[in-house]
Amino acid sequence: MAAPVSVLHERVLTWFDAHRRVLPWRDGRTDAWGVLVSEIMLQQTPVVRVEPVWRAWMERWPTPAALAAETPGEVVRAWGRLGYPRRALRLREAAVAVVREHDGRVPDTEEALRGLPGVGSYTAAAVAAFAHGRRTVVVDTNVRRVLARAVQGRAHAAPALTAADTRLATATVPADVATSVRWNVAVMELGAVVCRARGPRCPECPLLDVCAWVAAGSPPDDGPPRRGQAWHGTDRQVRGALVQVLRETSRSVPRDDLVGRALEAAGLDPARHREQADRCLAGLVEDGLVEPVRGGRFRLPA
DNA sequence: GAGTCGTGGTG
DNA sequence: TCACCAAGACT
């Protein structure tokens, strides 16, 4: 790599001390439960949308035991429009597991954390580091992008996490425990605020003069075209619309009303998408996001 | 490993 | 405008 790792550390850590955002789950008073909740909510969802929901969530369910005692439906409703509502179900299941298997306390090892529903390699490393001060290798999309640019000289990281990404990230984590924790949060922050996917703010970057991508003239992406996520008319749109209808009422809804209102909200032709909507509804029931009740009606699960 | 799973902001 | 993207996990 172009610059010694120690230079990366010094530059990024100094930058972080001066430019870190103030976030409620990082205020030093938030316990491991609050950190876990934030990490689950932040999976594929921007900070600005998570913040208000996290605050309300922590006020309502300040402990794993509190959430574990709640119904799935209420949890999905409180999840609001953060997206991927199965995360809400898994967070509740994780709370149940914490109560039953960990004496109500969020585990402090990556292995135990990984055993919780909805907690993968990233979230386990993040919670172990940020909530428990452990030395872990945190590899999220921000870390991968910063390293791809600064070290590898590429415009973008690979579409998905690769073994090479993990190897590179591992090699850059400081040996000292306390420093490793700061590095992990700092490099993520740099990726989120400065080394952004679109419109990177290179003039503000502490790595500007050591960045391999900048040194190469900031070449555009050389890889295959990045395929966007289709949306209009997809199952995801229909599923989202179905759940949203149920989120807005505390009562059960007849199938025809539910499907009709969802397709209308989605701007989809009822005749053309009826079959798809029925299939999506069955999938939602399968996933535990929707509960059928007598009389061909549906509601969020009690 | 490739697909699937929400939602809304934005360059 | 509209394709792209956001602190991924799971199958």
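Every chain is numbered from 1 and lettered A, B, ... according to where its sequence line falls, protein lines coming before strand lines. For clarity, every value in this text was computed on a predicted model and none was experimentally measured.
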Does a nitrogen or oxygen in the side chain of [X] sit under 4.0 Å from OP1 or OP2 of [N]?
X	N	value
Arg239(A)	dG6(B)	yes
Arg81(A)	dG8(B)	yes
Arg144(A)	dG8(C)	no
Gln44(A)	dG8(C)	yes

Query raised in the report: Where along residues 47-67 of chain A does a heavy atom fall under 4.0 Å from DNA chain B?
Result: Arg49(A)
Query raised in the report: Is there a donor on the side chain of Arg198(A) or the base of dC5(C) sitting less than 3.5 Å from an acceptor on the other?
Result: no
Query raised in the report: Per the atom types in the model, does the base of dG8(C) pair as donor or acceptor with the side chain of Thr141(A) at under 3.5 Å?
Result: no
Report task. Check whether the side chains of Thr162(A) and Asp165(A) place a donor and an acceptor atom closer than 3.5 Å, and report yes or no. Result -> yes
Query raised in the report: Between Thr136(A) and Glu110(A), do the side chains contain an N or O donor and an N or O acceptor separated by less than 3.5 Å?
Result: no
Report task. For Ala126(A), report the nucleic acid contact type (base, sugar-phosphate, nothing); a contact means any heavy atom under 4.0 Å. Result -> nothing
Query - Pair Asp256(A) + Arg274(A), salt bridge at N-O below 4.0 Å - result: yes
**Report entry** Listed nucleotide nearest any side-chain atom of Tyr122(A), set dC5(C), dA6(C), dA9(C)
**Finding:** dA9(C)
Query raised in the report: dA7(C), dG11(B), dA9(C): which one has an atom nearest the side-chain heavy atoms of Arg196(A)?
Result: dG11(B)
Report task. Applying side-chain contact (heavy atoms from CB on, under 4.5 Å) between Phe16(A) and each of Arg11(A), Glu189(A), Arg21(A), Met188(A), report the one that passes. Result -> Glu189(A)
Query raised in the report: Mapping Ala124(A) and Ala197(A) to their closest nucleotides on DNA chain C, which lands nearer the 5' end?
Result: Ala197(A)
Query raised in the report: Which residue lies toward the 5' end of DNA chain B, Gly199(A) or Ala241(A), if each is placed at its nearest nucleotide?
Result: Ala241(A)
**Report entry** Distance between P atoms of dA7(C) and dT4(B) (Å, rounded)
**Finding:** 23 Å
Report task. May I have all residue pairs that pass ring pair (Phe, Tyr, Trp, His ring centres under 6.0 Å) and include part of residues 36-59 of chain A, sequence neighbours excluded? Result -> Trp25(A)-Trp54(A), Trp57(A)-Trp61(A), Trp57(A)-Trp79(A)
Query raised in the report: Are any non-hydrogen side-chain atoms of Val47(A) and Leu23(A) less than 4.5 angstrom apart?
Result: yes
